[in-house]
Amino acid sequence: MGETRLIMAGDFFLKVFRVVRLIPEGRVTTYGHIARFLGTGRSARVVGYAMNASHNDRTVPAHRVVNRVGLLTGKHFFDGTTLMRDLLESEGIVVVEDKIQEFSSKVWDPLEHLNQDDFFESSPQ
DNA sequence: CACCTGACTGAAT
DNA sequence: AATTCAGCCAGGT
């Protein structure tokens, strides 16, 4: 079970990627929510760092991760200045001046929708 | 091995 | 209500 450790990328980043892949279309979550779900509530900043490292991997919907008040703080790391916003708007999210409108109804908290035990049991990828 | 860097956050101002 | 501060910690150098 814990033996498959062939991958070089840090476990933490991989776990972040796995959570982000589970964010439903049209919903978003925050760096802090992901950190708390992974049991490291003080690593929100590192979650952002992981998102930066995910830009090779098209299977990670990085545009669905925003800061705790719904600001698109990571937009600068997408190609062009509007890609992050465009992707969100294509999923029905309304963004005004880099801020998601009706944010509280769009947030998807992994702690409410995923089971941590199942998540940690299941193998990466 | 000892720094340095931040897609962050909550508390203090 | 807006802004600044300081702690945070996985990776990179």
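Atoms considered below: every heavy atom in the structure, side chains included; atoms not considered: hydrogens, waters and symmetry mates. Computed from a predicted structure; not experimentally measured. Chain letters run A, B, ... following the sequence lines, proteins first and then strands; every chain starts at 1.
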Open item on the list: With a 4.0 Å cutoff (strictly under), does any side-chain N or O of A:Arg45 reach OP1 or OP2 of C:dA10?
Closed with: no
Open item on the list: Below the 4.0 Å mark, does B:dC8 have OP1 or OP2 next to a side-chain nitrogen or oxygen of A:Thr73?
Closed with: yes
Measuring from the side chain of [X] (C-beta onward, heavy atoms only), which nucleotide among [options] has the closest atom?
X: A:Phe12; options: B:dC8, B:dG10, C:dG11; answer: C:dG11
X: A:Asn52; options: C:dC9, B:dT9, B:dA7; answer: B:dA7
X: A:Phe77; options: C:dC9, B:dA7, B:dG10; answer: B:dA7
X: A:Val46; options: B:dG6, B:dA7, B:dT9; answer: B:dG6

When the distance from [atom1] of [X] to [atom2] of [N] is rounded to whole Å, what number comes out?
X: A:Tyr31; N: B:dT9; atom1: OH; atom2: P; value: 8 Å
X: A:Arg36; N: B:dG10; atom1: CZ; atom2: C1'; value: 11 Å
X: A:His76; N: B:dG6; atom1: NE2; atom2: C1'; value: 13 Å
X: A:Leu71; N: B:dT9; atom1: CG; atom2: P; value: 10 Å
X: A:Phe37; N: B:dT9; atom1: CZ; atom2: P; value: 17 Å
X: A:Tyr49; N: C:dT13; atom1: OH; atom2: P; value: 8 Å
X: A:Leu38; N: C:dA10; atom1: CG; atom2: C1'; value: 13 Å
X: A:Leu14; N: C:dA10; atom1: CG; atom2: P; value: 14 Å

Working to the nearest 0.5 Å, report the span between [atom1] of [X] and [atom2] of [Y].
X: A:Glu102; Y: A:Ile93; atom1: CD; atom2: CD1; value: 10.0 Å
X: A:Leu71; Y: A:Thr30; atom1: CG; atom2: OG1; value: 12.0 Å
X: A:Leu87; Y: A:Glu25; atom1: CG; atom2: CD; value: 10.5 Å

Task: Identified pairing partner of B:dA7, criterion: Watson-Crick or G-U wobble below 3.5 Å - done: none
Open item on the list: Quick check: do A:Val20 and A:Val16 have side-chain heavy atoms less than 4.5 Å from each other?
Closed with: yes
- [ ] Answer with base, sugar-phosphate or nothing: what part of the nucleic acid does A:Arg42 contact at a heavy-atom distance below 4.0 Å?
- [x] sugar-phosphate
Task: All pairs passing ring-ring contact (aromatic ring centres under 6.0 Å, His included) where residues 32-81 of chain A contributes a residue, at least two apart - done: A:Phe37-A:Phe119
